[in-house]
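Heads up: the structure comes next, in structure tokens.
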Amino acid sequence: VPLSAAVVVHTGLTAGSLSKIQQTFTALAGAFSEFDEVAVYRYDKFVFKILDFSRDLMEVETAMKTLRNATPGAPVPAASAPGGPFSTIGPVINGAPVIQPGQLGVVTTAPPQNPHVLNDAIFAAASDLAKRERSRRKIVLVVSAGLNNGSNHEFDETAKSLLESGVQVYAIALDQPVLFRKFSVLDDYARTTGGDVFFENSIQKIEAAYALATEEARNQYILGYVSNNEIAGPGPVFRNI
């Protein structure tokens with residue numbers, strides 16, 4: 001099945017992990033086929049869209065390469081002329097998002113020291129995927145340490161958006177201690193949406209995980225049934241099987 005994939009890269013990783021990921025971008029772009037369409041995002045304290053959905057694999061790889069020199073909090077250099085597919089989400093001035101009407105006057109007494117807006121990044125990707133063709137399998141492929149603080153969207157809100165749009169989350173998780181992996185928010189997203197999570201640290205295993213994630217996503221089938229249970233309240237509803 002052809003994929004509509006939103007690739008979300010966490011550029012607020014530790015220097016060592018970010019360096020590893022930056023060496024795997026060619027393999028990441030190569031995990032997709034000519035029939036897929038791919039959008040690319042990055043996030044740390046803000047979310048940036050680097051590339052809108054494209055079926056041009058060369059364009060996808062070029063977008064990945066713009067992340068090789070990424071530094072946390074800084075805007076990614078445009079890879080094409082203004083007005084092209086490479087752009088940030090929302091208006092920015094000097095790389096910082098513009099405060100929208102209604103946000104002025106809001107006082108925060110203890111903002112996070114180092115925000116990592118994972119929920120916001122996945123929510124933005126899910127919102128864009130909701131507009132893609134229904135015939136495509138929709139996935140978010142997120143490369144992240146799983147840190148989440150400072151997001152405007154909660155996990156439940158983001159998960160609901162993913163489920164309503166039929167989007168699965170596949171995650172490449174880095175810097176995750178073994179004892180804490182089952183508590184990872186990345187694992188929660190994967191289990192909730194029927195995706196998968198790969199806890200990897202070596203470049204070779206990270207590259208292999210990219211191919212495995214896309215292979216899993218495009219080779220699934222759907223098992224369905226019609227329930228005769230009465231629905232309490234407005235439908236539709238999600239059921240646990």
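Heads up: numbering here begins at 1 and tracks the sequence. In what follows, every heavy atom counts, from backbone to side chain, and hydrogens, waters and symmetry copies are set aside.
Side chain of Arg137 to backbone of Ala217: a donor-acceptor contact under 3.5 angstrom is found. A donor-acceptor pair is defined here as one N or O able to donate and one able to accept, closer than 3.5 Å; no such pair exists between the side chain of Gln168 and the backbone of Ile139. Listed for the Ser144 side chain is no donor-acceptor partner under 3.5 Å among the backbone atoms of His10. Here the side chain of Ser17 pairs no donor or acceptor atom with the backbone of Thr14 at under 3.5 angstrom. Within the 3.5 Å criterion, the main-chain N or O of Ser151 finds no donor-acceptor partner in the side chain of Asp120. Counting only distance, with no hydrogens or angles, the side chain of Ser19 and the backbone of Ala15 share no donor-acceptor pair below 3.5 Å. Between the side chain of Lys45 and the backbone N or O of Val117, no donor-acceptor pair lies under 3.5 Å. For Thr24 (side chain) and Ile21 (main-chain N/O), a donor-acceptor pair under 3.5 Å exists by modelled atom type. Under the 3.5 Å distance criterion, the side-chain polar atoms of Thr214 are matched with a main-chain donor or acceptor of Ala211. Within the 3.5 Å criterion, the main-chain N or O of Asn201 finds a donor-acceptor partner in the side chain of Lys20.
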### Task
Check the pair Arg42, Leu67 against side chain to side chain contact (heavy atoms under 4.5 Å, CB included), reporting the backbone distance first and the verdict last.
CA-CA 8 Å; Arg42 61 159 284 199; Leu67 296 173; 3.8 Å; yes

### Task
Evaluate the side chain to side chain contact (heavy atoms under 4.5 Å, CB included) criterion for residues Asp188 and Phe183: first the C-alpha distance (whole Å), next the side-chain angles of each, then the deciding distance (0.1 Å), finally the verdict.
CA-CA 8 Å; Asp188 291 339; Phe183 303 108; over 6 Å; no

### side chain to side chain donor-acceptor pair (under 3.5 Å) between Glu37 and Ser4, intermediate numbers included
CA-CA 5 Å; Glu37 58 177 12; Ser4 288; 2.6 Å; yes

### Task
Assess whether side chain to side chain contact (heavy atoms under 4.5 Å, CB included) is satisfied between Met64 and Val40, documenting all intermediate values.
CA-CA 7 Å; Met64 302 285 188; Val40 181; 4.2 Å; yes

### Task
Any chance you could lay out the side chain to side chain contact (heavy atoms under 4.5 Å, CB included) test for Val8 and Leu141, step after step, and finish with the verdict?
CA-CA 6 Å; Val8 177; Leu141 179 56; over 6 Å; no

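Nearest heavy-atom pair, Ala145 versus Leu186, reported as atom, atom and distance to 0.1 Å: C-CD1, 4.4 Å. Residues Val169 and Val142 share a closest heavy-atom pair of CG1-CG1, 4.0 Å. Taking each heavy atom of Ala209 and Ile172 in turn, the nearest pair found is CB-CD1, 3.5 Å. Here the closest heavy-atom approach between residue Ser165 and residue Lys138 is recorded as O-CD, 3.7 Å. Scanning both residues, His153 and Glu157, for their nearest heavy atoms gives ND1-OE2, 3.1 Å. Summarising the geometry of Ile206 relative to Glu200, their closest heavy-atom pair is CG1-CB, 3.9 Å, with the distance given to 0.1 Å.
The distance from atom OG of Ser161 to atom CD1 of Ile122, rounded to the nearest 0.5 Å, is 10.5 Å. Here CD of Gln22 is found 10.5 Å from CD1 of Ile203. Values are rounded to the nearest 0.5 Å. Taking CG of Asn148 as the reference point, atom CG of Asn119 lies at 3.5 Å (rounded to 0.5 Å). Here the CG atom belonging to Leu212 is positioned 7.0 Å from the CG atom belonging to Asp196, to the nearest 0.5 angstrom. Residue Phe35 holds its CZ atom at 10.5 Å from CG of Leu57, rounded to the nearest 0.5 Å. Taking NZ from Lys65 and CD from Glu61, the interatomic distance works out to 4.5 Å, rounded to the nearest 0.5 Å.
Checked by atom type, the side-chain pair Glu207/Gln23 shows no donor-acceptor distance below 3.5 Å. No side-chain donor from either of Ser184 and Tyr189 sits under 3.5 Å from a side-chain acceptor of the other. In the model, Thr11 has a side-chain atom that pairs as donor or acceptor with a side-chain atom of Asp44 under 3.5 Å.
Side-chain contact between Phe53 and Leu129 is present, with at least one heavy-atom pair separated by less than 4.5 Å. Side-chain atoms of Lys131 and Asp128, non-hydrogen and from C-beta on, do get closer than 4.5 Å to each other. When side chains are defined from C-beta on, Val167 does not count as touching Thr193, because their heavy atoms never get closer than 4.5 Å. Using a 4.5 Å heavy-atom cutoff, the side chains of Thr66 and Ile50 are in contact. Contact of the Tyr210 side chain with the Val143 side chain is registered, since non-hydrogen atoms from C-beta on lie closer than 4.5 Å.
Ring-centre distance between Phe198 and Tyr170: not below the 6.0 Å cut-off.
Salt bridge status for Glu133 with Arg55: present, with a side-chain N to carboxylate O gap under 4.0 Å. Using a 4.0 Å cut-off between charged side-chain N and carboxylate O, Arg136 and Asp36 make no salt bridge.
Cluster membership check: Tyr41 does not share its hydrophobic cluster with Leu147, using side-chain heavy-atom separations under 4.5 Å among Ile, Leu, Val, Met, Phe, Trp and Tyr. Val185 and Phe123 fall into different hydrophobic clusters, defined by Ile, Leu, Val, Met, Phe, Trp and Tyr side-chain heavy atoms under 4.5 Å apart, directly or through other members.
No more than 12 heavy atoms of other residues, nucleotides or ligands lie within 6.0 Å of CD in Glu154, so this atom counts as exposed by the packing criterion. Enclosure of atom NZ in Lys160 is not indicated, since only 12 or fewer non-hydrogen atoms of other residues, nucleotides or ligands lie within 6.0 angstrom.
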